[in-house]
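Some notes on the structure that comes next.
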Amino acid sequence: MAHDIETQMIDDLMEKIITKAMQPGEKFPSENQLANLYNVPRITARKVLTTLDARGYIHSIQGKGRFLKETSKPIQLHLLGNRSFTDKMQHAGYRLMTKNIYCTQINYDEKIYEALQSKKEAEVYKIGRLRLIEGEPIAIHQSFVDKENFPSIVQDGPGIESMFAYYRQLGYEEFMSERSLLSVTFPTSSEQDLLSCRSMVPLIVLESDCIDVKTGNVLEYTKILYRSDKFKYDITSERS
């Protein structure tokens, strides 16, 4: 029963946030006020506030209380298409910044190795980049490549910001993807730190391959983690 009351309170408050009945920057009701308003114990009100905070809707200012977070205009993103994320963001006029955060060899992973068409004994490397727009972290891009295809990846990997740009430097010109998978997850503690988000902010996960059009060879397996609260997703085919 207590859980049902919490859910009802959260749904009611979320409805007020979504319909703008409460405005960004507005002071949020305190534990006591919520407890009185919904006729529930303070501990129930506290749990509700903790949930809304974890979802990223409110924040606390010491000595002043809790406030509804300011919301930025969502970034429109075409999930499909053969252009790179960098190209898409720059074409849309966003101030994009990329930080290379790691280049490391991974242990054998059947799913990734099969996607790359790699042998079990192959050396596969993961190159991670943190994407920031207007200085705010919004996505983590992970590219998995087989060292057999890119012999200098250990040296080159830590400096790569755009995989498409890297491939073009090596003579590849056209790219395509044959399969894309979309799912939802919640961030790990390290992903929370990188993306500056809370544990209950969902991440949209896009997994795909990158294929060289000329040869038909798989260049990479890609896994992208998008902050769901920062984007408006377009799943129609992108026009050139």
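The shown structure was predicted, so the numbers you read here are calculated from the model rather than taken from an experiment.
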Next item on the list: List the steps, then state whether side-chain contact (heavy atoms from CB on, under 4.5 Å) holds for D146 with V218.
Entry: CA-CA 9 Å; D146 190 330; V218 178; over 6 Å; no
Margin query: Using side-chain heavy atoms (C-beta onward) and a distance below 4.5 Å, is L52 in contact with M14?
Written below: yes
Notebook entry, point to check: Does the side chain of R168 come under 3.5 Å of the side chain of S162 through a donor N or O and an acceptor N or O?
Noted result: no
Next item on the list: Output the rest of the hydrophobic cluster of M200: all Ile, Leu, Val, Met, Phe, Trp and Tyr residues reachable through side-chain heavy-atom contacts under 4.5 Å, sorted by chain and number.
Entry: none
Margin query: For D11, is the CG atom crowded, meaning more than 12 foreign heavy atoms sit under 6.0 Å from it?
Written below: yes
Note to self: Could you work out, with side chain to side chain donor-acceptor pair (under 3.5 Å) as the rule, every residue matching N36, not counting sequence neighbours?
What the structure shows: none
Notebook entry, point to check: Are any side-chain N or O atoms of Y113 and backbone N or O atoms of A122, one a donor and one an acceptor, separated by less than 3.5 Å?
Noted result: yes
Notebook entry, point to check: In the hydrophobic clustering (ILVMFWY, side-chain contacts below 4.5 Å, transitive), which residues join F186, or is it alone?
Noted result: none
Next item on the list: May I have all residue pairs that pass salt bridge (Lys or Arg N to Asp or Glu O under 4.0 Å) and include part of residues 182-206, sequence neighbours excluded?
Entry: D53-R198
Notebook entry, point to check: What pairs with Q23 under side-chain contact (heavy atoms from CB on, under 4.5 Å), at least two apart in sequence or on another chain?
Noted result: K20, E26
Checklist line | All pairs passing side chain to side chain donor-acceptor pair (under 3.5 Å) where residues 204-213 contributes a residue, at least two apart | finding: K111-E207, S177-D209, E207-Y221, D212-T215
Checklist line | Hydrophobic cluster of I61, others only, ordered by chain and residue number, side-chain cut-off 4.5 Å | finding: F67
Item checked: Pairs where residues 56-68 contributes a residue and the test salt bridge (Lys or Arg N to Asp or Glu O under 4.0 Å) is met, not counting sequence neighbours -> E31-R66
Item checked: Non-neighbouring partners of N107 that pass side chain to side chain donor-acceptor pair (under 3.5 Å), sequence neighbours left out -> none
Margin query: Applying salt bridge (charged side-chain N to carboxylate O under 4.0 Å, His left out), can you list everything that pairs with K214, at least two apart in sequence or on another chain?
Written below: none
Checklist line | All side-chain contact (heavy atoms from CB on, under 4.5 Å) counterparts of E123, not counting sequence neighbours | finding: Q105, Y125, K147
Margin query: Starting from V205 and following side-chain heavy-atom contacts under 4.5 Å between hydrophobic residues (I, L, V, M, F, W, Y), which residues can be reached?
Written below: M97, I101, Y102, L130, L132, I140, L194, L195, L203, L225
